[in-house]
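To keep things clear, I will list the structure first and then write my remarks on it.
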Amino acid sequence: MRAHSNEGTKGTIRIVETVRRPGADAPTTHQRARYALTSRVGRDTELADLKARAAAPNGQILTLTGPVGVGKSRLASALFEQICGDFADGGRYVELDTLSLEDTDADGGLARAVAQALELTPGAAGGTPLDLLREYLGGRDFLLVLDCGNRPPHGIAELWEAVAAAARRLCLLTVGTRVLGMYGEHRVPLFPLAVPTPHDTADLGRLGQVDSVRLLVDRTKAVRPGFRLTQENRETVARLCQMLDGLPLSIELAASRLKVSSPRALLDELSTDAETDSGAGVEVGAGVDALGLPSSAVELLVRLAVFTESFGVAEAAGVFELPLDATRQALEEMVDHSALLTEEQRDGSIRFWMLRRSRAQALEHLRRQDALGPVRADHAVFFIRQLHSIRRQLEGPRQTAALEQFGHWHQDVLAALDFLVEEGNGEAVATLATAAQPYWLLRGEVESATHWLSEALRLGVERVRVRLATLEALGEALLLDHDPAGARPWLDEALTAYTELADGPGIATVRRHLARLAQLERDLPAAENLLTLVLADLDLRGGGQWCRGAVLARLAEVRRDRGDAASASRHVTEAVRLFERMEDTRSAARAKLTLAGLLGTQGDYERAEQLACRALLLLHDRGDLPEVARGLAVLAELLTHKYGRTAAVWERAARLLGASDALRRRVGDTLAGQPEAVSRTLLGQVSERMGRSAFDTAWQEGGRCTPDEAVALALALIEPAEHQPRPTDLVGSLTRREHEVAMLVTEGLTNREVARRLGIAEWTAVNHMRKVMQKLGCTSRVQVAGRMLRPLDTAAPAAAAGR
């Protein structure tokens with residue numbers, strides 16, 4: 001064995017080892033990994049996928065693509081190191097960027113360079129480089145990696161077509177920013193590492209598992225052994241990884257600078273560099289003019305930088321008023337050149353996004369061309385139209401899709417509002433903000449609603465209808481923010497104007513909000529009078545049925561608070577029926593929470609708990625965080641009534657109330673109509689049963705729960721500690737379906753995943769799970785998994801003894 005440096009056409013091919021197998025006529029070459037001294041973070045899945053594809057029995061042509069700095073060469077080198085020995089005749093890794101290719105050849109000198117890299121020389125009969133390659137690869141089992149670097153992949157498709165048939169098995173892996181565009185090519189896109197979400201950043205342990213953070217910490221510790229991820233630097237580290245787009249090369253360069261710098265100082269430097277476009281030495285990538293795209297595609301790519309987050313084909317076509325097919329084709333070409341990245345959606349659609357550095361360069365280009373303002377104006381107009389077109393979907397069967405769409409658009413909506421405020425266009429701000437208000441209230445972003453609606457009024461709104469819609473929306477937002485004094489003047493002004501216009505629907509809506517205001521102020525007779533007036537004057541045509549349901553649901557709360565439970569139950573039951581008829585499952589779930597509370601006061605705990613759990617699950621799925629807060633409080637009250645004989649119940653109630661209070665303070669207050677659930681009486685009872693110190697601890701633990709964790713806590717089954725069934729034969733008491741659900745839980749599946757696996761509704765899976773926990777005497781999914789696996793563990797010794 002000998003190590004040598006193999007040179008070809010004035011470039012370095014890299015160090016190889018030549019190993020001659022006994023009985024083999026030709027040498028097998030395999031290469032040392034260039035990155036063997038550094039750990040590989042976050043690429044195990046991609047490496048396993050590449051290995052599986054490369055192992056195809058009849059050969060493959062694979063194209064590993066991605067933006068500059070994403071780690072393509074590192075991954076390809078690791079792949080080569082691990083699988084080269086699986087090929088009978090070895091392989092070769094050729095870095096084309098290191099070679100001086102002869103442009104005089106039709107293929108740009110590629111075949112000649114590869115032939116020289118393989119140390120092939122013409123015989124006496126001569127022959128072209130392709131002839132030499134065909135002869136060399138004839139009957140061989142070989143791995144060839146062509147790392148294009150920043151070089152266009154010219155000539156590779158022709159090379160493959162010329163030599164592939166000669167080999168017994170040939171795996172050709174090309175590495176670069178562009179696809180080959182040939183039949184039979186298997187594209188393997190490499191994306192940046194995952195960057196932290198706000199949820200990740202809030203939890204130090206969770207943040208440490210995010211791939212980009214892992215890489216930054218790992219590489220920083222290599223040059224600064226004492227570096228650690230701490231509570232003090234976690235937010236800064238998370239922002240660094242986000243700013244660097246999760247690109248491994250950028251992260252490694254940043255880590256090298258952390259040797260003598262703090263994360264905060266580096267973040268400040270990078271933020272300044274981003275504003276001045278000076279680089280800072282840690283960003284990588286080429287400008288849009290170096291991507292090899294046609295000029296028309298480059299022009300569109302630059303304008304696409306107006307999108308702050310991801311976008312779909314329809315949005316790109318809509319903002320720039322382009323034909324849908326032409327836009328789709330242009331986006332495909334940008335993806336093929338790694339100018340845009342893609343992300344798969346649950347419904348099978350694709351959204352596109354641009355790296356921050358590329359976006360900053362494109363925006364600067366637009367600014368220099370004095371084109372940024374017009375592009376931002378088109379962007380704002382598009383989202384005004386879109387939000388108004390889907391707003392009514394929140395009250396029907398497509399509400400989930402509408403909420404998901406708004407989630408995609410949210411950052412772009414905020415960017416559009418920023419632009420419109422800069423332009424001083426109060427009416428456009430009002431139009432867009434009123435369209436976004438229902439989504440903000442659902443997401444628990446009351447401050448966004450009050451801020452932008454107030455900005456619109458500050459700038460001035462001349463058109464009467466636009467101003468009235470703004471007043472109404474702002475008043476409702478302030479009510480959710482528990483500011484009735486701030487809401488009253490806006491609602492009073494709107495009611496006066498609607499009355500002058502004889503606008504019945506407008507009057508009904510504002511009176512409904514004023515009734516809520518009276519309820520918050522505990523003026524229940526005034527609230528009931530307003531709601532009764534709305535019912536008497538309501539026109540049931542158009543959206544009148546939905547308004548009737550909303551009024552009845554509110555009137556039920558007021559009647560209940562006045563002690564008329566029978567009337568309240570009738571009203572809320574009718575509201576549920578109306579909402580379900582219109583397939584408005586979210587509003588129906590809200591009304592069911594009220595009904596559950598009423599049933600609890602009447603002692604029907606079983607039905608009340610079922611209703612509350614199903615409603616909470618649906619509201620959580622819809623992302624209705626204010627109502628999730630109310631649902632947690634309702635269930636806390638029901639749990640104390642139904643199971644209040646054990647300390648565990650009181651502890652859970654305290655945690656649920658703490659979680660409800662924390663969530664309510666963050667996203668808005670909907671608890672005015674549920675006084676018993678949060679009354680001093682209940683809090684006093686829980687505190688007294690637990691003791692003040694234990695209560696405070698449980699309350700604080702609940703306040704630290706995420707909405708997901710709080711809902712899971714609320715839906716978990718509680719059983720009294722005494723009289724638990726004996727462990728023997730417990731599994732045998734399960735029905736067939738319950739057994740299937742329990743076994744899937746042992747695999748770590750969530751309720752939603754269990755439902756999908758079995759083809760049942762998620763609530764059905766939850767119900768089965770509750771019954772399983774009850775029969776097995778378990779209070780957690782972990783206990784269920786342990787109990788299900790225990791018979792297998794105990795049966796094994798007996799079977800061994802029998803043998």
Side-chain angles (χ1 to χ4, degrees), residues 198-199 202 387 391 394-395 399 402-403 406-407 409-418 421 429-458 461 469-494 509-510 512-521 550 553-554 557 586-587 589-590 593 616 619-620 622-633 659-674 677-678 703 705-707 710-711:
H199 186 40
L387 277 191
R391 177 169 177 170
L394 286 179
E395 300 171 3
Q399 57 191 216
L403 287 168
F406 181 78
W409 292 345
H410 188 212
Q411 292 302 317
D412 281 293
V413 169
L414 295 179
L417 286 165
D418 273 328
V421 169
V429 174
T431 304
L432 183 53
T434 53
Q437 183 254 24
Y439 299 95
W440 282 324
L441 299 191
L442 273 171
R443 291 162 57 103
E445 298 180 10
V446 184
E447 290 184 359
S448 289
T450 55
H451 169 74
W452 292 110
L453 292 165
S454 298
E455 277 291 284
L457 293 173
R458 180 186 66 80
V461 182
T470 307
L471 297 176
E472 177 191 318
L474 179 57
E476 183 182 12
L478 290 169
L479 289 176
L480 192 61
D481 205 22
H482 211 284
D483 184 9
R488 183 175 292 281
W490 305 119
L491 293 175
D492 284 344
E493 181 182 342
T509 301
V510 176
R512 183 161 51 87
H513 294 327
L514 287 170
R516 177 177 179 76
L517 189 155
Q519 189 183 9
L520 285 168
E521 294 177 336
R554 180 68 61 197
E557 293 180 357
R586 179 176 55 85
S587 295
R590 288 177 163 187
L593 282 181
L616 179 61
L619 291 165
H620 177 255
R622 298 293 188 273
D624 192 341
L625 295 181
E627 289 296 319
V628 166
R630 183 163 74 105
L632 294 173
S660 173
D661 181 71
L663 187 57
R664 175 179 60 84
R665 292 178 185 277
R666 179 164 70 86
V667 304
D669 189 356
T670 64
L671 301 180
Q674 201 69 29
V678 291
C705 285
T706 66
V711 170

With a 4.5 Å cut-off on side-chain heavy atoms, are [Y] and [X] touching?
X: Asp624; Y: Arg590; value: yes
X: Leu457; Y: Trp490; value: yes
X: Leu491; Y: Leu471; value: no
X: Val667; Y: Val628; value: no
X: Arg391; Y: Leu387; value: no
X: Arg488; Y: Leu517; value: yes

- For the residue pair Phe406 and Trp440, categorise the inter-ring angle as parallel (less than 30°), tilted (30 to 60°) or perpendicular (more than 60°).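 Geometry flag for Trp440 against Phe406: perpendicular rings.
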- Message: Whether the side chain of Gln437 engages the backbone of Ala473 through a donor-acceptor N/O pair (distance < 3.5 Å, no angle test) should be reported.
- Response: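 Yes: the side chain of Gln437 pairs with the backbone of Ala473.
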Minimum heavy-atom distance between [X] and [Y], given as atom pair plus value:
X: Arg586; Y: Leu394; value: NH2-O, 3.2 Å
X: Val429; Y: Trp452; value: CG1-O, 3.7 Å
X: Pro626; Y: Leu480; value: CG-CD2, 4.4 Å
X: Ala433; Y: Leu417; value: N-CD2, 4.2 Å

- Item | Listed partners of Arg666 passing salt bridge (charged side-chain N to carboxylate O under 4.0 Å, His left out), at least two apart |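 So Arg666 forms no salt bridge (charged side-chain N to carboxylate O under 4.0 Å, His left out) with any residue.
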